[in-house]
Amino acid sequence: LVTYNTMVNGYCRAGRIDDARRLIDDMPFAPDTFTFNPLIRALCVRGRVPDALAVFDDMLQRGCSPSVVTYSILLGATCKASGYRQAMVLLDEMRAKGCEPDIVTYNVLINAMCNEGDVDEALTVLRSLPSRGCKTDAVTYTPVLKSLCGSERWKEAEELLAEMAINKCAPDEVTFNTIITSLCRKGLVDRAVKVVDDMSEHGCIPGIVTYSSILDGLSNEGRVDDAVELLRRLRSYGCKPD
RNA sequence: GUUUUCGUGUGCUAGG
C-alpha cells in the first residue's frame, strides 16, 4: 500500500491527476487517507475545490476516515477560495468528528487571517494555542510578523519576536527574510541590513531571497553601490547570486 | 531525536 501511495503521490505532484485516479482504481489494496490526500491537494492547488470535495465524499463512502491532514488541506483551499470565515465551518466539522486540529491546521488558519487583514484575530488564535496543547513554531509566527510589519506595527512585531524567544521558538530563515522584506518595502533598508546580522547570529544563512529583497530596497533608493557592497558580504557568507 | 507515503509561512523577474 505504501508503494502505491508513493506512486499516486508522484502522479499528483506531476499534475497527472487522471493517471493518479486510474492507479487508485486499479490498485490491489483499499486506498487509505495517505492515498487520497495528495489527490485532494492536487485538485485544490489547481482551484478545483469542488472536485476535491467530491473525492472527499468518495473516500467517506468507501469507509476511509479523513485525517487531520485531509482537513488541513481542505481548510487551506477553502480559505483561499472563500475566505477563512467560510473555512471555519470545516474546523467545526472536524472537531465534531473527533479529529483534533493540530499546529499545521492552525497555521493554515492564522495565515489566512493575516492575508485577509485580520491580524488581531490571528493573534487571538495564536495566543490560544498553548491551551489547546499545540506547540507554536516559526511558521505560526511568520505570517503574523509579516502582517504586523506590513501595517508598520513595528513595536508589536518586536514584542512578538521577543515572545518567540521566551517560548523557545527560534525564528528561522523564512522569518528573517519576511522581516527583512517588510523593512525594505517600507524604505527601512538600513534597519533590514542590521537584521541580516541578527540572522547570522541565529545560525541562519542569508540567501538569495535575503539578497534580492535588500537589493530591491536599495535600488528603489538609488543606492546601487551599497547593493554591490552587500553582495560582497553575502558572498562571504557563502551565498551564490543567481 | 522516528517521514517508508500526505498538509502550513519568505524575495526578485514575467504576466495580469
Side-chain angles (χ1 to χ4, degrees), chain A residues 1-13 20 23-24 27 29 31-45 52 55-56 59 64-80 84 87 90 94 99 101-115 122 125-126 129 134-150 164 169 171-185 189 192 195-196 199 204-220 227 231 234 239 241-242:
Chain A
L1 179 59
V2 172
T3 314
Y4 276 90
N5 287 349
T6 305
M7 293 192 293
V8 169
N9 185 34
Y11 275 137
C12 290
R13 299 213 91 94
L23 192 55
I24 291 173
M27 60 194 271
F29 303 96
D32 65 3
T33 179
F34 282 73
T35 320
F36 288 111
N37 290 343
L39 177 59
I40 289 173
R41 180 179 175 278
L43 290 165
C44 286
V45 301
V55 173
F56 180 71
M59 75 186 273
C64 169
S65 300
S67 68
V68 59
V69 173
T70 319
Y71 280 108
S72 298
I73 295 167
L74 289 172
L75 186 84
T78 305
C79 284
K80 286 195 179 85
Y84 77 84
L90 271 166
M94 67 188 287
C99 179
D102 67 7
I103 186 59
V104 174
T105 317
Y106 288 114
N107 286 350
V108 168
L109 185 65
I110 287 172
N111 184 234
M113 289 172 165
C114 290
N115 285 334
V125 175
L126 191 157
L129 293 180
C134 288
K135 264 206 182 72
T136 53
D137 59 20
V139 182
T140 317
Y141 287 93
T142 302
V144 182
L145 287 166
K146 181 182 182 178
S147 283
L148 290 174
C149 292
M164 283 181 82
C169 172
D172 66 9
E173 186 192 333
V174 176
T175 313
F176 285 114
N177 284 338
T178 300
I179 294 166
I180 288 166
T181 301
S182 304
L183 288 165
C184 289
R185 283 187 184 154
V189 188
V195 178
V196 176
M199 187 172 185
C204 295
I205 301 165
I208 247 163
V209 175
T210 318
Y211 176 63
S212 45
S213 298
I214 295 190
L215 172 60
D216 194 48
L218 287 172
S219 42
N220 282 338
L231 176 59
L234 290 182
C239 165
D242 66 0

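In this structure, CD1 on Ile24(A) lies 6.5 Å from SG on Cys12(A), to the nearest 0.5 angstrom.
Contact between the side-chain N/O atoms of Arg41(A) and the OP1/OP2 oxygens of rU5(B) is not found at any separation under 4.0 Å. Not one side-chain nitrogen or oxygen of Asn9(A) sits closer than 4.0 Å to the OP1 or OP2 atom of rU5(B). For rG9(B), neither phosphate oxygen OP1 nor OP2 lies less than 4.0 angstrom from any side-chain nitrogen or oxygen of Lys146(A). An OP1 or OP2 oxygen of rG7(B) is reached within less than 4.0 angstrom by a side-chain nitrogen or oxygen of Arg13(A).
Among the atoms of the strands shown, base atoms are found under 4.0 Å from some heavy atom of Val2(A). When heavy atoms are screened at a 4.0 angstrom cut-off, Thr70(A) is found touching no nucleic acid atom at all. Thr142(A) comes within contact range of at least one nucleobase, with a heavy-atom separation under 4.0 Å. Note on Ser72(A): a base of the nucleic acid sits closer than 4.0 angstrom, heavy atoms only. At the heavy-atom level, Ile208(A) lies under 4.0 Å from base atoms of the strands shown.
Between Asn5(A) atom CG and rU3(B) atom P there is a gap of 17 Å when expressed in whole angstrom units. Here the C1' atom of nucleotide rG7(B) and the CG atom of Asp102(A) are 8 Å apart, to the nearest Å. Separating the CZ atom of Phe176(A) from the C1' atom of rU10(B) is a distance of 13 Å, rounded to the nearest angstrom. Tyr106(A) places its OH atom 20 Å from the P atom of rG7(B), with the value rounded to the nearest Å. One can place CZ of Phe34(A) at 9 Å from P of rU4(B), the figure rounded to the nearest angstrom.
One N or O on the side chain of Asn220(A) and one on the backbone of Asp216(A) form a donor-acceptor pair closer than 3.5 Å. Checking side-chain atoms of Ser147(A) against main-chain N and O of Val144(A) turns up no donor-acceptor pair under 3.5 Å.
The base of rG9(B) is paired with the side chain of Asp172(A) by a donor and an acceptor separated by under 3.5 Å. Evaluation of atom-type donor-acceptor distances gives no pair under 3.5 Å for the side chain of Asp137(A) against the base of rG9(B).
Side chains of Asp32(A) and Thr35(A): a donor-acceptor N/O pair is present below 3.5 angstrom, by distance only.
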